[in-house]
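Below is one structure, written out as structure tokens, with a few remarks after it.
Values reported hereafter were calculated over all heavy atoms of this structure, with side chains retained and with hydrogens, waters and symmetry mates removed. All of these numbers come straight from a predicted model, not from anything done at the bench. As the structure lists them, so they are numbered: ligands from 1, and atoms in each ligand from 1.
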Amino acid sequence: MMKGLKKWRLFSLLAVMTVFLSACGEEYISTLQPAGAVGKEQFNLLLFSITIMALVTVVVSVLYIYAFLKFRRSKQGEDYMPKQVEGSHTLEVIWTVIPIILLLILAVPTLMSTYKLGDVSAMEQVDENGNKTELIVDVTAKLYWWEFAYPELGIVTSQELVVPTGEKVYFNLKAADVKHSFWIPSIGGKMDTNVENINKFYLIFDEESEGLKDGVFYGKCTELCGPSHALMDFKVKTLAPEAFDAWVASMQATEGQTASQDSTDLGEATFAASCLGCHAVSSVTGMPSGAAIGPNLTTFGDRSHIAGYLEHEKENLVNWIKNPEKYKPGNLMTNAYDPKKFSDEEINALADYIMSLSVEQ
Ligand code: CUA
């Protein structure tokens, strides 16, 4: 009776764990459901290593349990002395050679993948006109947001990375203030963004993000960087190549776009007077990568989230402008202006104006 109960408990525990673990597989954020060639290769390597390690664990456990049961004193008697194997050449050779073979089996594909995925030589390739042949994105991590500049295309955006599917996208990764780390769990990575050097790698985006939750893949900062580290999210919109080209063209068409203090629109006039010093509303800024003080807001209306993690609703934007410290402690906007100087009417108009900034049809 007791035995039956224990088995039943074990079975329930396994069932609960299966249900629990099955929730790990959300396509927009799960390493276990890779949506790009780099992520798939890393995932396969992970499975391969775990299989070999599990095999070793099983074989060792079986041998241990076998010896444990077979050589019990109650079975063999008090005076039983098993065969002594100290110094046995055969055994020494077996338990030296087998681990070496297993390590080689692990090392060869791991090293091959590491070198393949670390190959960024194509970033230097140019065509006959001297233009880079590969798509390159400069990522700059800041407290607590992300800037994405496309130096060859002359455009910059923030918080939402937009990339084409089916080709290698190369990244120059750096940080403007403290160490952060760039990670898109479903796609591959991660890699640190440092202040003192530029890290490079590439990712491949195989799937369009449109059908996913919020229409995006989720990206994360994975280096503890301050009180709002856990809120330092970004999103990734992956588009078919033609749609990406159209997006680039509409981003480039924002050249010269600005906000005017003389505008009859209260929101635009307020923005021009108080926000334009830090936040651009044109994605063609001509500034070097990483130079922007605050996130570029040209595509604010197209984003899926506010401040990287709040729902994309005007109310959240109003609350954010009124008290950014409450939503992202330690962020640099808090001390850049005094929200009390705005009337409710001005904040409301400001939020309407910012939500209206868009390059998508
Ligand atoms: Cu930035 Cu953690």
Should the ring pair Tyr144 and His180 be called parallel, tilted or perpendicular, given that the plane angle runs from 0 to 90° and is split at 30 and 60? perpendicular
Hey, can you tell me if Phe182 and Phe171 have their rings parallel, tilted or perpendicular (30° and 60° cut-offs)? tilted
Heteroatom test (N, O or S) for Tyr144 near atom 1 (Cu) of ligand 1, limit 2.8 Å: no
Please examine the side chains of Ile321 and Pro339, heavy atoms only from C-beta on, and report whether any two atoms are closer than 4.5 Å. no
Given atoms SD of Met232 and SG of Cys225, what angle do they subtend at atom 1 (Cu) of ligand 1, to the nearest 10 degrees? 120°
Would you say Cys221 reaches atom 2 (Cu) of ligand 1 with an N/O/S atom under 2.8 Å? yes
Would Asp302 and Lys237 pass as an ion pair if we require N to O under 4.0 Å? no
Assess the residue pair Glu41 and Ser113 against the criterion (side chain to side chain donor-acceptor pair (under 3.5 Å)); give the C-alpha distance rounded to whole Å, side-chain angles, the decisive distance to 0.1 Å, and a yes or no. CA-CA 8 Å; Glu41 186 160 341; Ser113 278; 2.6 Å; yes
Among the N/O/S atoms of His180, atom 1 (Cu) of ligand 1 lies closest to ND1
At atom 2 (Cu) of ligand 1, what is the angle formed between atom O of Glu223 and atom ND1 of His229, rounded to the nearest 10°? 80°
